[in-house]
Asks: 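What follows is a structure written as structure tokens; I'll ask about it next.
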Amino acid sequence: MNWDDFSHWGEKISHWAADYHRTIRDRPVRAQTKPGAIAAQLALTPPETGEAMDAIMADFETIVMPGITHWQHPRFFAYFPANAAPPSMLAEMLVSTIASQCMLWQTSPAATEVEGMMVDWLRQALGLPEGFSGVIQDSASSATLSAVLTMREHASGWRGNKEGLSGLGRLRIYCSEQVHSSIDRACWVAGIGQDNLVKLPTGPGPHYAMEPDALTQAIAADRAAGHTPAGIIAITGGTGIGACDDLTKITEIAQREGIYSHLDAAWAGSAMICPEYRDQFWQGVEGFDSIVFNPHKWLGAQFDCSVQFLRDPQKQLNTLKIEPEYLKTSGDAVVNYSEWTIPLGRRFRALKIWFLLRSYGLDGLRTRIRNHVTWAHELCEALRAQEPFEIVTEPILSLFTFRCPGDDNTQQRLVDAINNDGRIYITQGLHEGRKMIRFSVGQFDCTREDVMLAADVIRDVWEGLQ
Ligand SMILES: *Cc1c(COP(=O)(O)O)cnc(C)c1O
């Protein structure tokens, strides 16, 4: 492809993108394809000779698009959102164009310096005190794994990387039963083991927080048994029902016990740009050693973009930094962000944050988040008032859960029927051993009408099943 063709197609595709978003409500939210249907339309072997872009683009429309679940659909209420605000899309086009690999300061000085500044803008935006620095990672899973590895090395006197794990005894990590599966996986791959991830019971609503006394007792019992408490992982906004731990109590325990602490606020962290939510959900956050939140979820920075704040980055650097000859750089003291993370290669993710924050301003983003929280509460009330649905957990920010009459299979049948209907998209979860239905508001362009329409859709589909 020559650059004239590139510019022709670049223009066409940016028009296509705008039209896609303008007409997206006409599409079913969740893809309506059967497994294997898309693969069956692709050639079995790669082409020996090049094809025209017209043909490639036509196949994209006819083969690929019907198999897309539309995460940018304003009636996407499943999982958590993965917003791609238009200025962040434009930044990603530029990033794809310059295609730098930003592992070291010298391999892309601007990427490194914009990243440092954007982490600090977001620190201020979320009301974190000065002194936290941080790094942008691909996902909360990676940031949590980095934190768990740091817990392991910190608790073992930095011996694990060198000696392996066989001589370290049992390293214990504590969290509540509401954490995301990325915490389990981080413990698996860090060699901690599922059996050493101690999941503590949670108290009642509205927050479903880890019981601090249970935490203290578990730590004492483990020490008495000769185990090594290595880390505490708290959550603000758990995936199932939005559970939020008491951050002040947990960090007090962590500091008293000398245990490294990490906070998973992957989803709810974005809402902390609104100061009014901090009293309820963010008190004590400054006591954590590591905090992760995903601007690629609710804030609007296109996937992927996960920010890990660190109180003392040196601990994570002592865990992850490795400097073979070919990565040494000479000259002034600079930050090389690949030393903070597991992958060496890294994308220029900070540019989309810069575009996003400048284009909307924090106030523009706050308005969206506040609306989502308000509308989630309104829809929850509408469903509560509507026979025969039952609210299972009250809204935490913009997430609540509900149930229809019947057993677990009935809940799943309703979810599947709603998603086959296509007007909205929702997913199921488990609460206290029983299936329920999650409803999460947060798509960047959704309106109050989109959210309230869900009450009609849920009732229509339920009636259709009777
Ligand atoms: C989404 C989510 C994660 C995982 O995020 P990734 O960036 O996909 O790894 C972890 N924890 C919570 C609470 C989440 O909502």
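All ligand and atom numbering here is 1-based and tracks the order in the structure.
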Asks: Applying salt bridge (Lys or Arg N to Asp or Glu O under 4.0 Å) as the test, list every pair that has at least one member in residues 79-99; sequence neighbours left out.
Replies: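 Checked against salt bridge (Lys or Arg N to Asp or Glu O under 4.0 Å) - neighbours excluded - the pairs reaching residues 79-99 are Glu92-Arg347, Glu92-Lys352.
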
Asks: Do Leu247 and Gln283 make a side-chain contact, defined as non-hydrogen atoms from C-beta onward lying under 4.5 Å apart?
Replies: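 Leu247 does not reach Gln283 side chain to side chain.
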
Asks: Are Asp407 and Thr410 close enough that a side-chain donor and a side-chain acceptor fall under 3.5 Å?
Replies: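 Per modelled atom types, Asp407 and Thr410 side chains form a pair under 3.5 Å.
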
Asks: If we ignore angles and hydrogens, is there a donor and acceptor under 3.5 Å between the side chains of Tyr20 and His70?
Replies: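 Checked: Tyr20/His70 side chains pair up, N/O donor to acceptor below 3.5 Å.
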
Asks: Restricting to pairs with a member in residues 191-221, which pass ring pair (Phe, Tyr, Trp, His ring centres under 6.0 Å), not counting sequence neighbours?
Replies: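 Non-adjacent pairs meeting ring pair (Phe, Tyr, Trp, His ring centres under 6.0 Å): His207-Phe281, Tyr208-His431.
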
Asks: Partners of Arg349 by salt bridge (charged side-chain N to carboxylate O under 4.0 Å, His left out), sequence neighbours excluded?
Replies: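 Applying salt bridge (charged side-chain N to carboxylate O under 4.0 Å, His left out) to Arg349 gives Asp304.
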
Asks: Give the residues near ligand 1 by chain and number, with the criterion being a heavy-atom distance under 4.0 Å.
Replies: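 Lining ligand 1: Phe80, Ser139, Ala140, Ser141, His180, Ser182, Gly237, Thr239, Asp264, Ala266, Trp267, Asn294, His296, Lys297.
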
